[in-house]
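In what follows, every heavy atom counts, from backbone to side chain, and hydrogens, waters and symmetry copies are set aside. Since the model is a prediction, treat every value here as computed from it, not as a measurement. Sequential numbering from 1 along the given sequence is applied to the chain's residues.
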Amino acid sequence: MTEFDLEQTLLADYNRTWSRDGVSGERIAYRLGELSKIGLTAKFGVTRVGFSPLEQQAKELVMGWMREAGMNVTQDGAGNVVGRIDGKQNQYDAVASGSHLDSVPEGGHFDGPLGVIAALEVAEAWKEQGVTPTKPYEVYIFTDEEGTRFNGGLTGSRAMTGALDMETQVTLKDAEGLSFEEVLATTGKTVKGFTEAKRENLGMERFIEVHIEQGKKLERANLPVGIVQGIAGPSWTEIIFEGKAGHAGNTPMDDRQDALTAASELFLYIEKAPAMVSTTGVATVGKVHVEPNGANVIPGKVSLITDIRDIEEQSRDQIVSNVVKKAHEIADSRNVKVAITEKMRTPPVPIGTQMTDILNRVFDDMNIEKQYLVSGAGHDAMMLGAQIPVAMIFVRSKDGVSHNPAEWTSLTDCTICAHVLKQAIEKCMEQ
């Protein structure tokens, strides 16, 4: 591997005039750079999947920074980290921010970490300014947002909010055949402790999450940040076609039970399914497993995961229903079996006018043109949004690339977003 230095690359074209009012772009660059070293790959991406020792290592690093910033730090049984500063009026629930530190395999260095570091930068800025917030302030690191290990994301925030089905969760196994309990043990956690992470009262008054856009709208508008108006709700469904493996040379074409051709027919349907129902829906098959996976063997079993999302719950659910119906029709017509299991179904979350108004005022104060966006991706904020007011600030992504080593957001944009977040948190404290 040739030398990779994220910190220096970020600093190369940084507009240092944004290092002011306690917010330090240089500190943001250093911290993103240090996190990039944990799970760094040969392609200069990062593999730091949920429930891995690497994810915990990254959390430990940030927990140290939290303590240096004067925060009281705790970690619950699900691995969620909370850094807290007491306010002048501690009878109130906390105003909070944060994100996650896990990644997809061969992911980028901004998806998740930027939201954590920006949230921590608010506390650092107050420390430098000698400011004690009016209300308590908390910074969160949620466990396993991406869901790579067990094909179901937002795990830490679902555990905290009570939205996780633990009866199903404990039956899951990862790609290596390790049970959920065995995987928890690799980072010193237990199923009992994980279950106890559920909160009866969130203890949060409001939550704002910073995240890279993972799209091109801000770049096309030449704007550093934007205001999210709603978060699409994802639905993950596992579909398994089971036919009959056979010799590729000796089995006639009219006497086959090919699980892969059945799955392929469904793939093509899924590509067209959203447009039949909605203008904002999307559907993806990103994970497929073929058995026995031999070049000269007819596939006997194919497992796939569908990811279907929309900002309207009714239309999203209709797309899912249509795909499930089509899978059964294909199985019947091709004489194969099909088994369908819902892995996750999360309601979309609209951003309320109260939180949007706060961000509108911050953008006006900073003379930033407003760009309103919809998040097609799921985020931890959506789990909290079922119980408390939430908001999201998107930050410009170069070429819209994400979940890829080429994922990039300039340090100037990262620092601008930290200023926006700081002012938004302060306005939340006033209400």
CD/Q91: more than 12 non-hydrogen atoms of other groups inside 6.0 Å: yes

Sub-4.5 Å side-chain heavy-atom contact between F180 and D174: no

Lys NZ or Arg CZ of K135 over Y92 ring: under 6.0 Å, within 45°: yes

Aromatic ring proximity H379/F142, centre distance under 6.0 Å: no

Polar contact flag, side-chain donor to acceptor under 3.5 angstrom, E342-T237: no

Over 12 non-hydrogen atoms of neighbours within 6.0 angstrom of CD in E329: yes

Test item: H109 side-chain N/O and F44 main-chain N/O as donor-acceptor pair under 3.5 Å: yes

K370 atom NZ: more than 12 heavy-atom contacts under 6.0 Å: yes

Within-4.5 Å side-chain heavy-atom neighbours: K326 and N322: no

Side-chain ion pair, R16 and E26, N-O less than 4.0 Å: yes

Side chain to side chain, F394 and V225, heavy atoms closer than 4.5 Å: no

Side-chain heavy-atom pair R361, F363 within 4.5 angstrom cut-off: no

Identified salt bridge (Lys or Arg N to Asp or Glu O under 4.0 Å) partner of K427 from the options D365, D364, D357: D365

N-O pairing of R27 and E121 below 4.0 Å: yes

More than 12 heavy atoms of other groups within 6.0 Å of Q314 CD: no

Student check: side-chain heavy atoms of R345 and R316 closer than 4.5 Å: yes

Side-chain heavy atoms of I227 within contact of I393, under 4.5 Å: no

Ion pair E219/R396, N-O distance below 4.0 Å: no

Side-chain heavy atoms of T306 within contact of E238, under 4.5 Å: no

Salt-bridge present (E196, K192; N to O < 4.0 Å): yes

Side-chain heavy atoms of T161 within contact of K198, under 4.5 Å: no

